[in-house]
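Presented below is the structure to which this report refers.
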Number of protein chains: 2
Amino acid sequence: MSMERIWKDQLYQEFARIGKCLSSPKRLELLDLLSQGPKSVDQLAKITGMSVANVSQHLQTLHESRLVRSHKQGNFVIYGLAELSVADFMVSLHRLGEKQLVEVQKLKSDILLNHVSMEPIALEELLERMHRGEVVLLDVRPKDEYATGHIPGAISIPMEELEKHLASLPADKEIVAYCRGPYCLMSAQAVEYLKSKGIKASRLEEGVHEWKRFVDSTTSNKEII
Amino acid sequence: MSMERIWKDQLYQEFARIGKCLSSPKRLELLDLLSQGPKSVDQLAKITGMSVANVSQHLQTLHESRLVRSHKQGNFVIYGLAELSVADFMVSLHRLGEKQLVEVQKLKSDILLNHVSMEPIALEELLERMHRGEVVLLDVRPKDEYATGHIPGAISIPMEELEKHLASLPADKEIVAYCRGPYCLMSAQAVEYLKSKGIKASRLEEGVHEWKRFVDSTTSNKEII
DNA sequence: CAATCATTCAATTGTTTTATTGAATAGATA
DNA sequence: TATCTATTCAATAAAACAATTGAATGATTG
């Protein structure tokens, strides 16, 4: 076998390690969760419904490919993305999946039918209307995820505390709720609840990383060659 | 199991199908090759050194995930990327791999040591100098890949025909050669050959898709929200 | 109409991966 | 020091995968 062949095989072998990480549904879910902020092993186990040992094993795999990293904090091992670019890559994967896989499109529209008339608001429209002061953006993720990063201007009320803080919401404005991204249903539940209380509300499908990619693509303005 | 859990599992199952495609080194190489233009099964088999049956099997996998598509042309089945966005996604994967995997960095620098003093020229610098008419950009890929898409201003001389067309190259300008991208060595071989003939030459690491992403990121200039 | 050719299919092999257990580790707490 | 607790490790069994081979397909060519 030629030198070049060996080199290419080794190189693609390496890239395939990242591919391997993405070949398991559970690992993809873990990466999506970690995109929102660092978490302990058993937090991840609880959210995903997997056994702790299983989560740990998947995290090892992700660690070997340098997609996540960890540190000890008291009794817990906290895992997080190794790089912000991993989150951005996950957005790329989601985009590609939604474009190529009819099944993804179907699954998404199916769930939105369950949540009545849940047409999401477009990111562009939202930012415009926020700017004009017409809407309030609501981040319904846990506090720590909000602290890790959120869309500027959003207020934080975690899903479980929504009822408690209902009164503090401005009555005259429309509420737009968002959560972890297109495959998280917390915002849908929030909108459903708000609507049931007679509050005008709609859902933003995008999460923090999708938002970030959007502003990056609209504000980059380097000089042309 | 809750409705939501089932939905999420199905959804991530779907995304994992794309991941599966990326988990095999051979399939990654096939995707990279198809990024350059459509090819028949046995063309791919010859380039990659795999058996035809094996290539066909991998192509089925890629086809099931809607990453490639095929059509018959005479006696041949021609495969190509299903969407240009697949090529762009591959660039994302390469980026992530180069950033996270030290092994990839090492493999790349190792091979460049073999090709003496082969520091690649930066894309930005190249475009500037091309614009000033200081350099000639040379596409050494096969003609059909050039026809599928090339960097504007590049001239096409496939690797094997380089010797034949040597005289037609402008003597006063520096030559910059490029090929399929960072993991293709044709351009390095071309530069080595040109240098051996006393022609000033250097290598562009980027290929068409990397170039495309670069111009997209520098020229996008929509108004800010 | 037979022969040829590129490709796919089917069956087989050996290898890898997954989820599941239960035990081991190593900090923190009492 | 003993006891928790969270996590990892190790061993297992079931499932999925990759590469190989040879046969089957199906269109084109002589």
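A, B, ... follow the sequence lines: proteins, then strands. Residue 1 opens every chain.
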| said: In whole Å, I'd like the distance from the CG atom of B:L44 to the P atom of C:dA6. | reply: 14 Å

| Checking all strands, does B:S23 fall into the base, sugar-phosphate, or nothing category for heavy-atom contacts under 4.0 angstrom? | nothing

| field | Nearest to side-chain heavy atoms of B:K20, which nucleotide of D:dA16, C:dT8, D:dC9 | value | D:dA16

| Pairwise 5' ranking along DNA chain C for A:Q73 and A:H58, keeping only the more 5' one | A:H58

| field | Side chain of B:S56 (C-beta onward), nearest among D:dT7, D:dA19, C:dT8 | value | C:dT8

| message | In this structure, how many angstroms lie between the P atom of D:dT25 and the CD atom of B:Q60, rounded? | response | 16 Å

| field | Minimum-distance nucleotide to B:N75 side chain [options: C:dA19, C:dC5, C:dT7] | value | C:dC5

| field | Whole angstrom value for the distance that separates C1' of D:dC9 from CD of A:E64 | value | 13 Å

| task | Using a cut-off of 6.0 Å, state whether more than 12 heavy atoms not belonging to A:H63 lie near its atom NE2. | result | no

| Closest-nucleotide 5' rank along DNA chain C - winner of A:G74 and B:F76 | B:F76

| task | In plain terms, say whether B:R95 and B:E210 are close enough for a salt bridge, that is, a side-chain N and a carboxylate O under 4.0 Å apart. | result | no

| query | A:Y79 side chain N/O closer than 4.0 Å to the phosphate oxygens (OP1, OP2) of D:dA6? | reply | no

| query | Does a side-chain N-to-carboxylate-O contact under 4.0 Å join B:E14 and B:R17? | reply | yes

| message | Measuring from the side chain of A:V52 (C-beta onward, heavy atoms only), which nucleotide among C:dT8, D:dT7, D:dA6 has the closest atom? | response | D:dT7

| query | Tell me: CE of B:M50 to P of D:dT21, nearest whole Å? | reply | 16 Å

| message | A quick test of your reading: do over 12 heavy atoms of other residues, nucleotides or ligands sit less than 6.0 Å from CD of A:Q60? | response | yes

| request: Measure from CG on A:N54 to C1' on C:dG22 and round the result to the nearest Å. | output: 15 Å

| query | Quick one: which of C:dT7, D:dA16, C:dT18 gets closest to the side chain of A:Q57? | reply | C:dT18

| said: Rounded to whole Å, please give me the gap between NE2 in A:H71 and P in D:dT7. | reply: 12 Å

| request: State which of C:dA19, D:dT8, C:dT7 makes the closest approach to the side chain of A:A53. | output: D:dT8

| Is the number of heavy atoms from other residues, nucleotides or ligands within 6.0 Å of NZ (B:K108) greater than 12? | yes

| For the pair made of NZ in A:K46 and P in D:dT5, what is the distance, rounded to whole Å? | 12 Å

| query | B:Q13 has an atom CD; how far is it from atom C1' of D:dA16, in whole Å? | reply | 12 Å

| Among D:dT7, C:dT8, C:dA6, the nucleotide that comes nearest once only the side chain of A:D42 is considered | D:dT7

